[in-house]
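Structure record follows, encoded as structure tokens.
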Amino acid sequence: MKIRVRFAPSPTGQVHIGNIRTAIFNYLFARHVGGEFLLRIEDTDLERSTREAIDKLLECMDWLKLDYDGEIFYQSAQADKHRAAAAELMASGDAYYGAADESGKRPIFFRLPLNLPDGRTVRTVGPAELALHAETPVEITPGGIHYGALSAKGKPMPTVSALAGMRDLVLRDGAGQVLFELAPVLSRVLAGESFRITGAALASFTRREVYYHDLVKGELAKPLDGMKDQVIVRSDGSPVFHLANVLDDIAQGVTHIIRGDDHVENTYRHLLLFEVFKATPPQYAHLPMIVNAAGKPYSKRDGDAFVGDFRSRGFLAPALFNYLALLGWSPGDDREKLSLEEMVAAFQLERVKSAPAQFDIRKLSNLNGLYVAEMPTDAFTALAREYAPEFAAHPAFAAVAALMQNRTKALDQVRDWRYFFADDFSRDEKNSRKQLTRPEIRNALAILAEKLAGLSDWTEAAVMQLLEQTEAAVGLDHGKLFQPVRLAVTGVAGGAELDRTLCLIGREAVLRRLDAALTLYQGTE
RNA sequence: GUCCCUAUCGUCUAGAGGCCUAGGACACCGGGUUUUCAUCCCGGCAACCGGGGUUCGAAUCCCCGUGGGGAUGCCA
């Protein structure tokens, strides 16, 4: 059978890196096994889903080259099918109406199947006993068994278990006397009858559990008595995520579900839904969450975790893709910078970690710098123009870009190139004051300006020579003049080679700025 | 509260009982190259959460604690 995975985001806002990382893992897995990578837009929440969000999502996927197979599947278009499926469940007794809301409308609950035999999804664990808070009456209703579980402190904790979890329930009082047996009256309960038992101190039943093998987390199981029936159609008639999700996965023939860790608990319910719909459950793989620099889950406050933000800050799509792929996964050797082909070739769900991974912007920056450095100069220059449209047309732009490429980590640094093109750059005041107020430096700068003004041959070599001559003339050590000159002309203490920088800025501008700096820091010592 | 998952340098990670004196990368700190800055090169700092087992031998297996994460919705 053809392996098929899907990325199923809800278009309710910006695209979060955690989401896109899920898409990346799905994509890598699909390409690795030669399967299909489908895109499903889960836009059932019409209140929050917007066209803009869908466009934004598509734009992000396009940017990262997450090309999907086939047509986009819109969940909202399936609503009628979802409701029809719920009606089927009603007819077969696998679903029932719950209590009405304020307006008198009733939601539909999915009843955890009572008679699913031991098999691929459910298995019998063995006899189990549960201590109850005897003063709290036990209520047996068609919607489940309500009771007060006994806390460590002897307090009652209101709990509901699905009927399926305790279908052979026996209730006893403190003396061991049997108070109630569920099995003989189960059909009456299913027909709508309720029972109320007081004084029960012990519940015994045969424990059964839902189980599956998670491709990243391994063997996982949850006892049925720890589960509750689930709303699948809201009282307003709209299908709930669980129903829609499972039905769509069946409709699309999804074989492997790769999603966030936060869905593991849902999996048990979904497995049961697959069973009642007579579908073969897919394989599951749950990915660890990505947490912020503080090790905490991303919240609204961490507004910088959107894919669009990384793009505008000048991160390259392949670099972000590469970095995100490495969050929770590694190829197993020491490679970190991997091409798409290498990632596809090495990707295995078995190698995915199970603990949350912390996002580190510094490591991303470093990786991005590696990708920037290997760009063809033309491509880098063109991209740089996009990040600094105000200088893009400047005649020296291409030369500046070529000079600055290998020291650029992220494209937003292009905005710091202002001093190459305009006089109104910002100055490192502290450093400037320290250097440009010293008399011997000021003297040297004045002499340098004079020499530069008369220089016939404005080349890097000639400029460098003048710099050295000036240092020698005023008795400064080699290199002592570089920093002040740089500060006067560019406003900052660091940058590309000084001679090349000065040449690109041009004689007139250099002289103008030398003069301006001398005036600016005059008498401030 | 309860249930589930998880735990190696500050961070991402390698590690499948002996290859571990625990490897790589980012960050950080030094040195070299550059008569300045950065790149680059070399070097350094730095971890098996704690306690019990199992074993001739444990980062690796088991149990208990602790920390972190998730779930517990008519959100997805």
Side-chain angles (χ1 to χ4, degrees), chain A residues 8-10 12 19 42-45 47-49 75 98-99 101 105-109 149 151-153 155 157-160 214 216-218 220-223 225-228 230-242 244-245 259-268 286 288-291 293 295-297 323 326-337 350-351 353-367 369 373 403-409 464 467-468 471 477-487 490 492-499 501:
Chain A
S10 317
T12 56
N19 266 109
E42 300 211 331
D43 53 351
T44 40
D45 189 343
E47 309 249 310
R48 295 195 297 145
S49 300
Q75 187 163 73
D101 64 10
K105 292 179 175 152
R106 296 178 296 172
I108 296 176
F109 276 80
S151 78
K153 289 175 185 146
K155 296 243 165 62
M157 297 182 295
T159 310
V160 188
D214 193 289
V216 346
K217 299 175 102 69
L220 255 26
K222 187 178 179 76
D225 54 288
M227 298 174 67
K228 294 190 282 192
Q230 175 75 35
V231 173
I232 48 172
V233 179
R234 296 186 190 85
S235 47
D236 69 1
S238 59
V240 167
F241 160 74
H242 305 288
N245 193 262
R259 45 154 51 159
D261 229 351
D262 48 338
H263 282 296
V264 291
E265 299 280 326
N266 290 333
T267 304
Y268 306 106
H286 288 95
M289 306 310 267
I290 298 177
V291 296
K296 295 290 171 195
Y323 179 72
L326 254 23
L327 237 35
W329 172 81
S330 75
D333 47 39
D334 288 339
R335 289 134 79 210
E336 292 203 325
K337 184 170 177 296
E350 291 70 25
R351 293 203 54 81
K353 297 259 296 184
S354 199
Q358 194 166 313
F359 189 91
D360 185 4
I361 189 75
R362 291 173 305 188
K363 185 141 182 163
L364 203 214
S365 291
N366 178 273
L367 193 59
L403 178 64
M404 300 301 280
Q405 180 171 1
N406 73 349
R407 63 189 67 220
T408 301
K409 294 262 188 233
M464 184 54 85
L467 237 20
E468 289 171 20
E471 284 178 330
D477 287 340
H478 273 330
K480 290 291 187 225
L481 198 52
F482 285 77
Q483 191 93 114
V485 170
R486 191 185 286 282
L487 279 164
T490 71
V492 288
E497 292 86 342
L498 187 57
D499 50 349
T501 301

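Below, read A as the first sequence line, B as the second, and so on, with proteins coming before strands; counting in each chain starts at 1.
Applying the 3.5 Å distance criterion, the base of A27(B) shares no donor-acceptor pair with the side chain of R362(A). Judged by distance alone, with hydrogens and angles left aside, S354(A) brings no side-chain donor or acceptor close enough to the base of C5(B) to form a pair under 3.5 Å. With hydrogens and angles left out, the side chain of R486(A) and the base of U36(B) share a donor-acceptor pair within 3.5 Å. Evaluation of atom-type donor-acceptor distances gives no pair under 3.5 Å for the side chain of N366(A) against the base of A25(B).
Spacing between atom CG of D360(A) and atom P of C9(B) amounts to 14 Å, rounded to whole angstrom units. Taking atom OH on Y268(A) and atom C1' on C3(B), their separation rounds to 10 Å, with Å as the unit. If you measure from atom CG of N266(A) to atom P of C5(B), you get 16 Å, rounded to the nearest angstrom. For the pair Q230(A) CD and C75(B) P, the interatomic distance rounds to 10 Å; values are reported in whole Å.
Ranking U39(B), A71(B), A76(B) by closeness to the N406(A) side chain, first place goes to U39(B). With A71(B), U6(B), U13(B) as the candidates, the nucleotide lying closest to the side chain of A357(A) is U13(B). When distances run from any side-chain atom of K228(A) to the nucleotides G70(B), U2(B), G73(B), the shortest one goes to G73(B). Across C74(B), G70(B), U13(B), the shortest atom-to-atom separation from the side chain of S330(A) is found for U13(B). Closest to the side chain of P107(A), from the set C74(B), A76(B), U13(B), is C74(B). Of the candidates U72(B), A76(B), C4(B), A76(B) carries the atom nearest the V240(A) side chain, counting heavy atoms from C-beta on.
In this structure, U2(B) and A71(B) make a Watson-Crick or G-U wobble pair, each of the two defining distances being under 3.5 angstrom. Base pairing of A7(B) is made with U66(B), judged by Watson-Crick or G-U wobble geometry with both donor-acceptor distances under 3.5 Å. Across all strands shown, the partner of C28(B) is G44(B), judged by Watson-Crick or G-U wobble contacts whose two distances both fall under 3.5 Å.
Between K222(A) and E265(A) there is a salt bridge, since at least one side-chain N of the basic residue sits less than 4.0 Å from a carboxylate O of the acidic one. Using a 4.0 Å cut-off between charged nitrogen and carboxylate oxygen, D261(A) and K217(A) count as a salt-bridge pair. Residues R362(A) and D360(A) are paired through a salt bridge, judged by an N-O separation under 4.0 Å between the basic side chain and the carboxylate.
With a 4.5 Å cut-off on side-chain heavy atoms, K105(A) and R234(A) do not count as touching. N266(A) is listed as a side-chain neighbour of H263(A), based on a closest heavy-atom distance under 4.5 Å. At least one side-chain heavy atom of R259(A) sits less than 4.5 Å from a side-chain heavy atom of N245(A). Annotation: side chain of P239(A) is not in contact with side chain of F241(A) (no heavy-atom distance under 4.5 Å).
The phosphate of G69(B) has OP1 or OP2 within less than 4.0 Å of a side-chain N or O from K296(A). Residue K353(A) has no polar side-chain atom (N or O) positioned under 4.0 Å from OP1 or OP2 of A7(B). For the pair K363(A) and U13(B), the criterion of a side-chain N or O lying under 4.0 Å from OP1 or OP2 is not met.
Remark: the backbone N or O of P9(A) is not paired with any side-chain donor or acceptor of E42(A) at under 3.5 angstrom.
Heavy atoms of R351(A) sit under 4.0 angstrom from primed sugar atoms or phosphate atoms, though from no base atom. Within 4.0 Å of A99(A), counting heavy atoms only, lies at least one base atom of the nucleic acid. G369(A) comes within 4.0 angstrom of no nucleic acid atom, judged by non-hydrogen atoms across all strands. Counting non-hydrogen atoms under 4.0 angstrom, L498(A) reaches a base of the nucleic acid. As judged by a 4.0 angstrom heavy-atom cut-off over every strand, G328(A) is placed among residues touching the sugar-phosphate backbone only. Within 4.0 Å of H242(A), counting heavy atoms only, lies at least one base atom of the nucleic acid. When heavy atoms are screened at a 4.0 angstrom cut-off, K480(A) is found touching no nucleic acid atom at all. Note on E336(A): a base of the nucleic acid sits closer than 4.0 angstrom, heavy atoms only.
Comparing the P positions of U21(B) and C48(B) gives a spacing of 15 Å, expressed to the nearest Å. Taking the P atom of each, G18(B) and G30(B) are spaced 40 Å apart, rounded to whole Å. A14(B) and A7(B) are spaced 11 Å apart, taking the P atom of each and rounding to whole Å. Across the C1' atoms, C56(B) and U13(B) are found 32 Å apart, a figure rounded to whole Å. Taking atom C1' in both C42(B) and U55(B), the straight-line distance is 43 Å, to the nearest Å.
Of the two residues contacting RNA chain B, namely L220(A) and P288(A), the nearest-nucleotide position lying further toward the 5' end is that of L220(A). Comparing D101(A) and A493(A) by the nucleotide of RNA chain B whose heavy atom lies nearest to each, the residue mapping closer to the 5' end is A493(A).
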